[in-house]
2 protein chains.
Amino acid sequence: MASIKDVAAAAGVSVATVSRVLNAHPSVSADARTRVLAAVDSLGYRPNAVARSLRTDQTHTLGLVISDVLNPYFTELARSVEEEARALGYSVIIGNADERPDLQDHHVRNLLDRRIDGLLVSPTDGGSPLMLDAARAGTPMVFVDRWIPGVDVPVVRADGRAAVQDLVAHLHALGHRRVAIIAGPAATTTGSERVEAFRAALAAYGLPLPDVYIGQGDFQAASGRRVTEGFLDLPEPPDAVFAADNLMALGALDAVRARGLRVPDDIALAAFDDIPWFVHTDPPVTAIAQPTGELGRAAVRALVDRIEGRPAASVTLAARLVVRRSCGEAPETAGIIPTPSLPPVQRSTT
Amino acid sequence: MASIKDVAAAAGVSVATVSRVLNAHPSVSADARTRVLAAVDSLGYRPNAVARSLRTDQTHTLGLVISDVLNPYFTELARSVEEEARALGYSVIIGNADERPDLQDHHVRNLLDRRIDGLLVSPTDGGSPLMLDAARAGTPMVFVDRWIPGVDVPVVRADGRAAVQDLVAHLHALGHRRVAIIAGPAATTTGSERVEAFRAALAAYGLPLPDVYIGQGDFQAASGRRVTEGFLDLPEPPDAVFAADNLMALGALDAVRARGLRVPDDIALAAFDDIPWFVHTDPPVTAIAQPTGELGRAAVRALVDRIEGRPAASVTLAARLVVRRSCGEAPETAGIIPTPSLPPVQRSTT
DNA sequence: CTGAAAGCGCTTACAG
DNA sequence: CTGAAAGCGCTTACAG
């Protein structure tokens with residue numbers, strides 16, 4: 001592979017001059033520029049990004065640590081992150097934690113070792129010392145979707161409370177009274193917040209959320225299956241189940257089907273996170289949709305602000321309920337409930 | 001961030017000694033080792049991978065350029081690639097081409113500039129000069145899923161011909177005679193091969209595959225929608241449609257539903273690539289399943305063989321038909337047809 | 001406008 | 001077993 005020296009030799013100039021034309025430095029003669037460009041072309045020279053990074057102490061790379069690539073929500077998030085990053089001149093390296101704190105740590109360490117310019121993370125747990133230390137040490141960082149309380153890092157996420165209230169109103173209107181939730185890990189904010197939002201919304205209708213109706217999942221399909229089986233085995237099974245993410249909803253569908261039962265006739269189902277397939281499932285699944293693409297883009301903008309020395313703001317966007325048929329039919333509520341959408345709340349952080 | 005110099009100073013040794021203990025070089029005294037380790041620990045030192053890469057000319061990184069991360073098939077492929085790579089001591093950087101040759105080129109260039117040790121690619125087209133040159137120049141490369149003929153690069157893929165024959169037998173048995181295909185781009189091998197396999201299998205039953213029944217898609221949902229609408233507008237619409245990937249099948253479901261029609265009553269549907277949601281769609285979708293995880297792992301092993309100087313072999317695995325209900329009901333063929341599975345064909349390449 | 005030189009943080013023969 | 005030194009491929013003050 002040709003190096004800058006080869007180009008310099010071929011063009012009859014010093015490596016400094018080659019570097020200058022490559023970096024569009026103004027003080028280079030037209031003549032030198034043409035000779036360098038010709039040499040670059042004929043040698044097929046490409047600057048070594050590794051050497052450049054070592055010298056400039058910038059990699060123009062963002063790290064993205066997500067909890068599970070196989071989750072369509074995170075896949076879409078990752079895609080929008082990469083798009084916005086590319087538009088701003090950054091590449092992104094994705095680390096898939098697979099909902100495992102040890103793997104999350106592996107990726108954070110790997111990314112830090114590579115000296116990425118900034119880190120976008122959707123934490124799988126309360127945060128390892130490694131991640132917390134990095135944040136404290138000033139590594140530009142932004143939490144997206146999930147976050148860790150008490151850490152001074154901007155957070156870009158969706159507030160699902162209003163949508164959860166809409167969902168509970170919907171379930172209540174359809175006559176459901178014994179409602180259960182398949183929760184995510186309590187160590188994650190989305191794991192606990194969704195339970196709390198659900199509990200609060202139920203309380204407004206005088207409905208309880210007893211412990212037996214709170215199933216502990218881990219955001220992956222198998223746990224949705226297991227928890228749902230547990231619900232169905234109860235002396236008094238719930239008549240509606242709210243899965244805190246789309247994969248656990250998939251698991252719930254598996255479990256219901258395996259018993260020969262039907263949604264929504266035997267049990268209603270709703271999910272947090274909407275995905276294209278929910279339109280075509282049997283029945284179509286009522287879900288809470290996040291503005292996923294916008295979250296990804298906003299997170300990148302915040303992180304790049306941090307990296308480039310501008311103040312970065314936290315961003316909270318609203319989620320909305322999309323009613324389909326998995327909670328039962330009720331003509332009058334069909335379609336999208338026009339949630340009085342929260343205006344994007346912006347609070348300045350660092 | 002502490003550097004190796006800081007560690008050396010703290011431990012009272014030279015940077016050479018620090019480097020040796022970090023790299024498990026045998027000739028270091030026990031005493032020096034303990035002092036270095038203590039210094040590393042107290043400083044929270046982490047070696048700079050950028051500097052190490054510049055020096056050793058290895059990044060321990062694999063590039064993976066895939067056509068579309070949002071496609072669950074590729075998401076699963078990416079996941080298995082990362083897993084196997086991690087097991088072998090490599091990281092992977094994913095580039096999402098989004099079925100766009102220009103984006104594919106962007107990522108190949110970016111990855112090459114970063115001096116990745118090897119490249120795994122599922123080409124979106126016939127290959128740009130950049131990619132072809134890299135292959136010729138000896139950059140370790142392996143094609144996975146899709147490939148480019150005439151380039152001396154190992155190929156890891158699934159052979160779907162037997163499964164397509166099973167599918168055609170299934171369609172024929174259910175009485176379908178006017179069968180159509182939503183093809184992928186002809187510039188991709190999977191785009192053309194699946195059409196050819198389908199055509200050949202139909203020919204065995206004396207069924208034609210007229211041009212009007214070959215819809216040109218691009219492996220993404222919108223094209224599946226568009227092509228299916230075209231089919232439905234035909235004076236004589238097909239009675240069965242085979243989508244060459246799962247996203248175009250999603251688009252087809254959208255189009256059929258939008259017309260108020262039903263699968264399989266009004267039109268049968270089958271897809272290449274099986275995904276977990278197909279079990280729960282209305283109706284469950286008959287699909288051809290690839291051994292996706294195994295493909296990803298085999299591709300990584302082949303690439304790492306190339307990188308580490310061992311001969312790399314091409315690998316072809318069999319795909320299999322999974323019958324569900326989207327082509328019609330026929331009790332006797334329900335379940336998985338036990339395809340006389342092709343033994344994995346291995347031919348040596350480089 | 002141009003080049004010689006230092007230096008980014010490592011690794012690794014080479015001497016001792 | 002250990003250290004001084006060279007060098008990986010760049011960028012960038014500093015002089016001229």
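Here is the naming used below: chain letters follow the sequence lines, and residue numbers restart at 1 for every chain.
The listed nucleotides are dA4(D), dT2(C), dG9(D); the one nearest the side chain of Leu54(A) is dG9(D). The side chain of Arg55(A) lies closest to dC8(C), out of dC8(C), dC8(D), dC10(C). Ranking dT2(D), dG3(C), dG9(C) by closeness to the Thr17(A) side chain, first place goes to dG3(C). Minimum atom distance to the side chain of Ile4(A) is reached by dC10(D), of the listed dC10(D), dT2(C), dT2(D). In this structure, of dA6(D), dA4(C), dT12(D), it is dA4(C) that holds the atom nearest to the side chain of Ser14(A). Distance from the side chain of Ser27(B) is smallest to dC1(D) among dT12(D), dG3(C), dC1(D). Looking at the side chain of Ala51(B), the nearest of the listed nucleotides dG9(C), dC8(C), dA4(D) is dG9(C). Comparing dT11(C), dC10(C), dC8(C) by their nearest atom to the side chain of Ser3(B) picks out dC10(C). With distances taken from any side-chain atom of Ala16(A) to the nucleotides dG9(D), dT11(D), dT12(D), the minimum falls on dT12(D).
Of the possible polar contacts, one joining the Thr75(B) side chain to the Asn71(B) backbone as a donor-acceptor pair under 3.5 Å is found. Checked by atom type and distance alone, the side chain of Asn48(B) pairs as donor or acceptor with a backbone atom of Val50(B) at under 3.5 Å. Between the side chain of His106(A) and the backbone N or O of Asp102(A), no donor-acceptor pair lies under 3.5 Å. Under a 3.5 Å cut-off, the side chain of Ser53(B) and the backbone N or O of Gln58(B) do form a donor-acceptor pair. At least one donor-acceptor pair closer than 3.5 Å links the side chain of Gln104(A) to the backbone N or O of Thr124(A).
One can place CZ of Arg35(A) at 11 Å from C1' of dT2(C), the figure rounded to the nearest angstrom. Atom pair Asp57(B):CG and dC10(C):P shows a separation of 18 Å (rounding to whole Å applied). The interatomic distance linking Arg20(B) (CZ) with dT11(C) (C1') rounds to 9 Å, in whole Å. Rounded to whole Å, the distance from CE on Met1(A) to P on dC8(D) is 16 Å. dC8(C) atom P lies 11 Å from atom CG of Asp6(B), rounded to whole Å. Rounded to a whole Å, the CG atom of Asn48(A) is 12 Å from the P atom of dC8(D). Separating the CZ atom of Arg114(B) from the C1' atom of dC8(D) is a distance of 19 Å, rounded to the nearest angstrom. Taking atom NE2 on His60(B) and atom P on dC10(C), their separation rounds to 16 Å, with Å as the unit.
Across all strands shown, dG16(C) is found opposite dC1(D) as a Watson-Crick or G-U wobble partner, with both distances under 3.5 Å.
Among the protein residues, Asn23(B) comes within range of the sugar-phosphate backbone only, with heavy atoms under 4.0 Å from sugar or phosphate atoms but none that close to a base. Val50(A) comes within 4.0 angstrom of no nucleic acid atom, judged by non-hydrogen atoms across all strands.
Contact annotation: Lys5(A) does not reach the phosphate of dC10(D) (side-chain N/O to OP1 or OP2, under 4.0 Å). Within the structure, a side-chain polar atom (N or O) of Ser29(A) is placed less than 4.0 Å from OP1 or OP2 of dT2(C). Between dT12(D) and Thr56(A), no contact under 4.0 Å exists linking OP1 or OP2 to a side-chain N or O.
Closest heavy-atom contact between Ser122(B) and Ser67(B): O-OG, 3.4 Å.
When the C1' atom is compared between dG16(D) and dT12(D), the two are found 16 Å apart, to the nearest whole Å. Separating the P atom of dA13(C) from that of dG9(C) is a span of 23 Å, rounded to the nearest Å.
Side-chain atoms of Arg115(A) and base atoms of dG9(C) include no donor and acceptor less than 3.5 Å apart.
Map Leu22(A) and Gly12(B) each onto its nearest nucleotide of DNA chain D; the residue landing nearer the 5' end is Gly12(B).
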CA sep, side-chain torsions, deciding dist, call: Thr189(B), Arg157(B), side chain to side chain donor-acceptor pair (under 3.5 Å): CA-CA 11 Å; Thr189(B) 46; Arg157(B) 64 188 198 98; over 6 Å; no

